[in-house]
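Notes for the one structure printed next.
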Amino acid sequence: MVDQYNESDWQEPSATSILVYYFLQSSSKHAFFPELDALGQQLWAPPLHSQSGDFDDGELQTDGNRCGRLQNREPVANEELFRVIGTQLAELGDQLAAEIEPSLVSHLVRQFVADNLSREEITRHLSQTVQEVMRRMPLGMEKEKAMLVIAMVLARNVAKTVPSLLHRVFSTTVNYINHNLQDYVNNLAREEGMAKSNWIYLILTTATFLVQCSEVRTTIYESSANATAA
């Protein structure tokens, strides 16, 4: 089965899709990276036609084809934070990956390969596999975080097994997270944002303190020099 990602499947990048994309991108190099690169190009570049069906012929290229003008997409709120979170969770995913039984991944691969399953059905299979992994594996983390990381690790392992399934795996994982963990994902962004703000505040406070110390040393030096001259 060769999975296709058509223009009709394109969706505006969301916080969840950015999180999953950077989780996969930050993982160890795998055979699905060409598919992931193609997915990234499609994810961040909408189809050439507008929603109204109107075309903008754009400028004539050197090869005689016209290049349609693409409107710049609206940035996703906290997009950079979700990129950072995806990268951080990938490190945790690398630690959990070895604990997931290959038989569970193989079973999930068979479900993704099946052409007769709807999006809801394949999402349900992913959810059931996540729960089965959690049941078999002792987890030293909060439930929602475990569900999030396991779902993305399973997605990575399925794509690693059959790279052509990447697009379907990606959209299914995004769908699963949106339906089960959207509030948790949003809270992760808020926590990361607060941590970043606190770090910036600490840096600024430290810098201000150092400037003040420098000014004090300068004042003392000038006073000492004046006293010596007198």
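As a basis for the values below, the full set of heavy atoms in this structure was taken, side chains included, without hydrogen atoms, waters or symmetry mates. One-based numbering along the sequence shown. Computed from a predicted model, the values in this text were never measured in an experiment.
For Tyr22, the ring pair (Phe, Tyr, Trp, His ring centres under 6.0 Å) test picks out no residue, with sequence neighbours left out. For Arg136, the salt bridge (charged side-chain N to carboxylate O under 4.0 Å, His left out) criterion is met by Glu101, Glu132, not counting sequence neighbours.
Nearest heavy-atom pair, Ala97 versus Arg156, reported as atom, atom and distance to 0.1 Å: CB-NH2, 3.3 Å. Between Phe170 and Tyr21, the shortest heavy-atom distance links the atoms CE1-N, 3.7 Å. Val149 and Leu89 get closest at one heavy-atom pair: CG2-CD2, 4.0 Å. Shortest non-hydrogen contact noted between Leu108 and Leu154 is CD2-CB, 4.1 Å. Contact record, Ala151 with Tyr176: CB-CE2, 3.6 Å, taken as the closest heavy-atom pair.
Counting only distance, with no hydrogens or angles, the side chain of Ser171 and the backbone of Arg168 share a donor-acceptor pair below 3.5 Å. A donor-acceptor contact shorter than 3.5 Å is absent between the side chain of Ser127 and the backbone of Thr123. Remark: the backbone N or O of Asp183 is paired with a side-chain donor or acceptor of Asn187 at under 3.5 angstrom.
Contacts classified as salt bridge (charged side-chain N to carboxylate O under 4.0 Å, His left out) and involving residues 140-149 (residues at least two apart or in different chains) are not found.
Exactly one residue among Met134, Glu99, Gln131 makes a side chain to side chain contact (heavy atoms under 4.5 Å, CB included) with Ile150. That residue is Met134.
Taken to the nearest 0.5 Å, the CG atom of Asn180 stands 9.0 Å off from the CG atom of Asn175. A distance of 4.0 Å separates CG of Asn178 from OG1 of Thr16, quoted to the nearest 0.5 Å. Atom CD1 in Ile122 sits 10.0 Å away from atom OG1 in Thr173 (nearest 0.5 Å). Note: Gln88 CD to Leu81 CG = 9.5 Å, rounded to the nearest 0.5 Å.
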| task | Test side-chain contact (heavy atoms from CB on, under 4.5 Å) on Val153 and Val133 and set out the steps. | result | CA-CA 11 Å; Val153 170; Val133 171; over 6 Å; no
